[in-house]
J.: 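Shown below is the structure under consideration.
Here the structure is a predicted model, which is why all the values come from computation and not from measurement.
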Amino acid sequence: MKPPAFLLCVTAALFAAAPAGLNEIRSVYLLPMNAGLDHYLAQHLTAAGVFQVVTDPKLAEAVFTDRLGKEFELLLEELYPPEPKEQTQPPAKPSGSAPEGAAGELKGEPRTRFSSFGRSRGNLFLVDRRTRAVLWSAYERPRTSAPEEMDRTARRLVERLKRTLGGK
């Protein structure tokens, strides 16, 4: 094989590879979705052997959802509360530091982060439960919410995921 052709093949393989972290996922939890899409996805993910679908969110390495944003973040905090940290005393303020409430110092509740993501029919996200990173996403809008169409949509989404994973 000539060196330029070899480099082209290697480059193509790198671009076709699954996103970092996606190949390490073995078990997933599905959050409730529009028109029961989560049920159809569970069936197709299991039948295709792509991931093990678990009913206990604590056993999952990643979560499927059809929405992102504040509501999703709060739900993740509820499902996966952060481990309690040891109580430590706050660091002492250096002498001559600015008084409490001085300019540049935040006080009160943290600001609410706003997201342009919301509940959008057709979006599907696979989120790593530990890092909160979106590992994979796709858009496949069902034409209707009829069971046959939801099943067809779930099948197409799982086929796309399998292609991303390299035929897993």
J.: I need the minimum non-hydrogen distance between S145 and M150, along with the two atoms involved.
T.: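 Nearest heavy atoms, S145 then M150: O-CG, 3.8 Å.
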J.: Once you round to the nearest 0.5 Å, how far does CG of L124 lie from OG of S137?
T.: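 With rounding to 0.5 Å, CG (L124) is 8.5 Å from OG (S137).
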J.: Just to verify, what does R156 make a salt bridge (Lys or Arg N to Asp or Glu O under 4.0 Å) with, not counting sequence neighbours?
T.: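 Salt bridge (Lys or Arg N to Asp or Glu O under 4.0 Å) list for R156, sorted by chain: E140, E149.
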J.: What are the two closest non-hydrogen atoms of Y40 and A35, and how far apart are they?
T.: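 Nearest heavy atoms, Y40 then A35: CE1-O, 4.1 Å.
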J.: Could you measure the distance from the NE2 atom of H44 to the CG atom of L37? Nearest 0.5 Å is fine.
T.: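 Going from NE2 on H44 over to CG on L37, the span is 9.5 Å.
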J.: Between the main-chain N or O of P142 and the side-chain N or O of R152, is there a donor-acceptor pair closer than 3.5 Å?
T.: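 No, because the side chain of R152 does not come within donor-acceptor range (under 3.5 Å) of the backbone of P142.
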J.: Provide the closest heavy-atom pair for V158 versus L41 in the form atom of the first, atom of the second, distance.
T.: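 That closest heavy-atom pairing would be CG2-CD2, 4.1 Å.
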J.: Nearest 0.5 Å, please: how far is CG in L45 from CG in L30?
T.: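 Result: 6.0 Å between the selected atoms.
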J.: Rounded to the nearest 0.5 Å, what separation is found between the CG atom of L157 and the NZ atom of K162?
T.: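 If we round to the nearest 0.5 Å, L157:CG and K162:NZ are 13.5 Å apart.
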J.: Work out which heavy atom in L135 is nearest to a heavy atom in I25; give both atom names and the distance.
T.: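 Nearest pair, atom of L135 first, then I25: CD1-CG1, 3.6 Å.
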J.: Pair L31, D38 - check side-chain contact (heavy atoms from CB on, under 4.5 Å), show working.
T.: CA-CA 7 Å; L31 292 173; D38 52 313; over 6 Å; no
J.: One thing to verify: whether R67 and E71 come together as a salt bridge, which I'm taking to mean a side-chain N less than 4.0 angstrom from a carboxylate O.
T.: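 Looking at R67 together with E71, the answer is yes, because their closest N to O distance falls below 4.0 Å.
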J.: Using side-chain contact (heavy atoms from CB on, under 4.5 Å) as the criterion, list what pairs up with R132, not counting sequence neighbours.
T.: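 R132 satisfies side-chain contact (heavy atoms from CB on, under 4.5 Å) with L76, E77, Y80 only.
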J.: Show the nearest heavy-atom pair for residues V127 and F72, with the distance to one decimal.
T.: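 Taking every non-hydrogen atom into account, CG2-CZ, 3.9 Å.
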J.: Please identify each residue that fulfils side-chain contact (heavy atoms from CB on, under 4.5 Å) with Q43, with sequence neighbours left out.
T.: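 Q43 satisfies side-chain contact (heavy atoms from CB on, under 4.5 Å) with A47, D151 only.
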J.: Taking only residues two or more places apart in sequence, or in another chain, which ones meet T131 in a side-chain contact (heavy atoms from CB on, under 4.5 Å)?
T.: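 So T131 forms a side-chain contact (heavy atoms from CB on, under 4.5 Å) with D128, A133.
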J.: What verdict does the side-chain contact (heavy atoms from CB on, under 4.5 Å) test give for V63 and V28, after you've listed the backbone C-alpha separation in whole Å, the side-chain angles of each residue and the deciding distance to 0.1 Å?
T.: CA-CA 5 Å; V63 177; V28 296; over 6 Å; no
J.: Nearest 0.5 angstrom please: F125 CZ to L68 CG, how far?
T.: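 Rounded to the nearest 0.5 Å, the CZ-CG separation comes to 4.0 Å.
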J.: Grab the two heavy atoms, one from T164 and one from W136, that are nearest each other, plus how far apart they are.
T.: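 Heavy atoms only, the tightest pair is OG1-NE1, 3.3 Å.
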J.: Let me confirm one number: the OG1-CG distance from T65 to L75, rounded to the nearest 0.5 Å.
T.: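 T65 atom OG1 to L75 atom CG measures 7.5 Å (nearest 0.5 Å).
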J.: Under 3.5 Å, side-chain donor or acceptor atoms of residues 48-61 against the rest of the protein: list the pairs with distances, not counting sequence neighbours.
T.:
residue: D56; atom: OD1; partner: K58; partner atom: N; Å: 3.1
residue: K58; atom: NZ; partner: L79; partner atom: O; Å: 3.1
residue: E61; atom: OE1; partner: R26; partner atom: N; Å: 2.4
residue: E61; atom: OE1; partner: S27; partner atom: N; Å: 3.2

